Peer 1: 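The structure is given below, and queries will be raised subsequently.
Here is how names work: the chains are called A, B, and so on, in the same order as the sequence lines, proteins then strands, and each is numbered from 1. Quantities reported herein were computed from a predicted structural model and do not represent experimental measurements. Below, each value reflects all heavy atoms present in this structure, side chains not excepted, and no hydrogens, waters or symmetry copies.
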Amino acid sequence: MDPQSENRRSGQPKSRSVVKTKWTPTQQAFEKLLAAFSLDYEVAAAQYELTRSKLIRFFERRALYGPEGLADETLDRVMRRIDEGEVVTNMMAYVYKVASFVVLETYKEQEKLHKAEDATALVTAALPLTEGDENPRLVCFDRCLDGLPVETRTLILDYYREDGHEKIQLRRQIAEKLGIGLNALRIRARKIRVKLEQCVNECLGQAA
Amino acid sequence: MAVTNEQAVERRYLLGTLADDERRLFEEMYFQDDNAFAEIEFAEDDLVDAFVRKQLAADDHERFERIVENSPRLLSRVEFARMLRQRSVSQAQVTANTSSEAGWSRSRLKSYFVFQPVFQFALAGMAVLFLTASLILGLNWWRLRWESRQLVAERSTLETQKQELAQQLASQKTRTDQLDAEMQNARKTNEQLNQELQETKDQLSNTQSTFPVAPAFTLMPSGIRGGDSPELVLSSRAREIQLRLALENDDYVSYQVTIKSPGGVPWSRSNLRAAGRRSARVVSVRVPSSKLPQGEYNVTVSGRSPTGDNQFVASYPFRVKK
């Protein structure tokens, strides 16, 4: 479970980027929330993390600032309702409903912020990727890529090498060589890609 | 590369071009379906790669660029995809240089068609038609899939409820059976106890009838006492009575007792012996109560001489009252 979840478990209030609630999550409330996901603690914890990821993507795709904070705000609201005794029969539908309310509330508040921050945000975001060894991202990328086992490194580079028809042919050949199906190959390649991306982000974090 | 209906809808969602209702439906679906959410993650990879490789249509490219600019996470992903692309290509450089003649011919042929304006227009038209059809089909497909998943979820809920009810029913039945068994046992025990009680009652009744406590009456010879004959009050429960007939002298070996009533059949017992202290010898006889209805009676005692003759000893009149 992520540190934010740990904060929540310890019952400490967490700051929100835009929307704030007066209610403070408690350990007991958090446990009730987990129980609403599943009675099996491990399953519930995994489900909690997945739900948080879904919420982050959801808010991000609605072009709202601070998607992580909004995801936590949504989960806090759901936690509060459950703690207050609300019986939730379809947990994910309920989470989505609460998230939709959070979107509506946040749109108005962020409208002003959008206007104020547009210029600076775009300047920061649109910075082109600098070429050369000095680019810390590239350094991190190469370091992480070299850290992979040879077979894994070859697989990920081959998988993303070609375009169009050649790409399909190549992926078919790789799958055949590995003795797995195309879908299994797709899943395997994505796992490597996610791992590599995480490694790069962690490396950049350390460098900063 | 052929794009499936599903992928087309996912891409429209990621580009933010789905209508509000469609987007709401789509989001609601992936919130409840983890596999669908995973598919969107794949679709995002593909979109990022296509963006980096400049394979998106111009407006889609522009749209996604705006999205990326506002998302540090996507910006990071785009940069990552760009580097992955660079490294993949450089890794494959040698392979690319040794590509076959057939590959070259194919490339030339491709270039020829691509640069023909008519072909380009036709291709663009076909692409638009294909994308429109894909989008419509894709949305329908998503809607059907969503409804289907809803139905499956409802069915699953019903199944769960059904199983729970079956378990409760089975549990209830077990409890009922247990109670039935306990009731049967209790009934059997009750019957057994009733039977034992009845047997005890019967035994008591038999005991009473077999060994009744016979009331005893002592009668004196008529000449001695004088006056009215004594009255014996018999209980209806008494099966028999004991008459103790007092003797003035005990001169005989054995005695015979005969009870007579006016108009009644005489009742007698012989070979009776006198008992008791020397000064108060009595002859005792047990008489069934049935032989003594209410009325007047006279008891005659006669003694048997050593020669075998019966000689009158004494008489004892009495009355019976019930």
Peer 1: In plain terms, say whether B:Arg85 and A:Asp163 are close enough for a salt bridge, that is, a side-chain N and a carboxylate O under 4.0 Å apart.
Peer 2: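 Judged by the 4.0 Å cut-off on N to carboxylate O distance, B:Arg85 and A:Asp163 do form a salt bridge.
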Peer 1: Contact part of A:Gln47 toward chain B, heavy-atom cut-off under 4.5 Å: side chain, backbone, both or neither?
Peer 2: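 Contact with chain B is through the side chain of A:Gln47 alone.
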Peer 1: Given the ring of A:Tyr94, does A:Arg81 sit roughly above its face, with NZ or CZ under 6.0 Å from the centre of the six-membered ring and within 45° of the axis?
Peer 2: no
Peer 1: Which region of B:Phe31, side chain (C-beta onward) or backbone (N, CA, C, O), has a non-hydrogen atom less than 4.5 Å from a non-hydrogen atom of chain A, or is it both or neither?
Peer 2: both
Peer 1: Between B:Glu27 and A:Arg61, does any side-chain N to carboxylate O distance fall below 4.0 Å?
Peer 2: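 Salt bridge between B:Glu27 and A:Arg61, a charged N being under 4.0 Å from a carboxylate O: no.
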Peer 1: Does any backbone or side-chain atom of B:Glu44 lie under 4.5 Å from a heavy atom of chain A? Answer side chain, backbone, both or neither.
Peer 2: side chain
Peer 1: For B:Tyr30, is it the side chain, the backbone, both, or neither that has a heavy atom closer than 4.5 Å to a heavy atom of chain A?
Peer 2: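 B:Tyr30 touches chain A through backbone and side-chain heavy atoms alike.
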Peer 1: Counting only non-hydrogen atoms closer than 4.5 Å, does A:Phe141 touch chain B with its backbone (N, CA, C, O), its side chain (CB onward), both, or neither?
Peer 2: side chain
Peer 1: Between B:Arg155 and B:Glu159, is there a side-chain N and carboxylate O pair less than 4.0 Å apart?
Peer 2: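 No.
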Peer 1: Flag the one option from A:Val194, A:Leu196, A:Val200, A:Ile56 with the top tally of heavy-atom pairs under 4.5 Å to chain B.
Peer 2: A:Leu196
Peer 1: Given heavy-atom pairs under 4.5 angstrom as the criterion, report whether the side chain, backbone, both or neither of A:Arg193 touches chain B.
Peer 2: both
Peer 1: Work out which heavy atom in A:Tyr160 is nearest to a heavy atom in A:Arg171; give both atom names and the distance.
Peer 2: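 In this case the closest contact between A:Tyr160 and A:Arg171 is CD2-NH2, 4.0 Å.
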Peer 1: For A:Glu60, is it the side chain, the backbone, both or neither that has a heavy atom under 4.5 Å from a heavy atom of chain B?
Peer 2: side chain
Peer 1: When you check the gap from the basic side-chain N to the acidic O, do B:Arg11 and B:Asp46 get nearer than 4.0 Å?
Peer 2: no
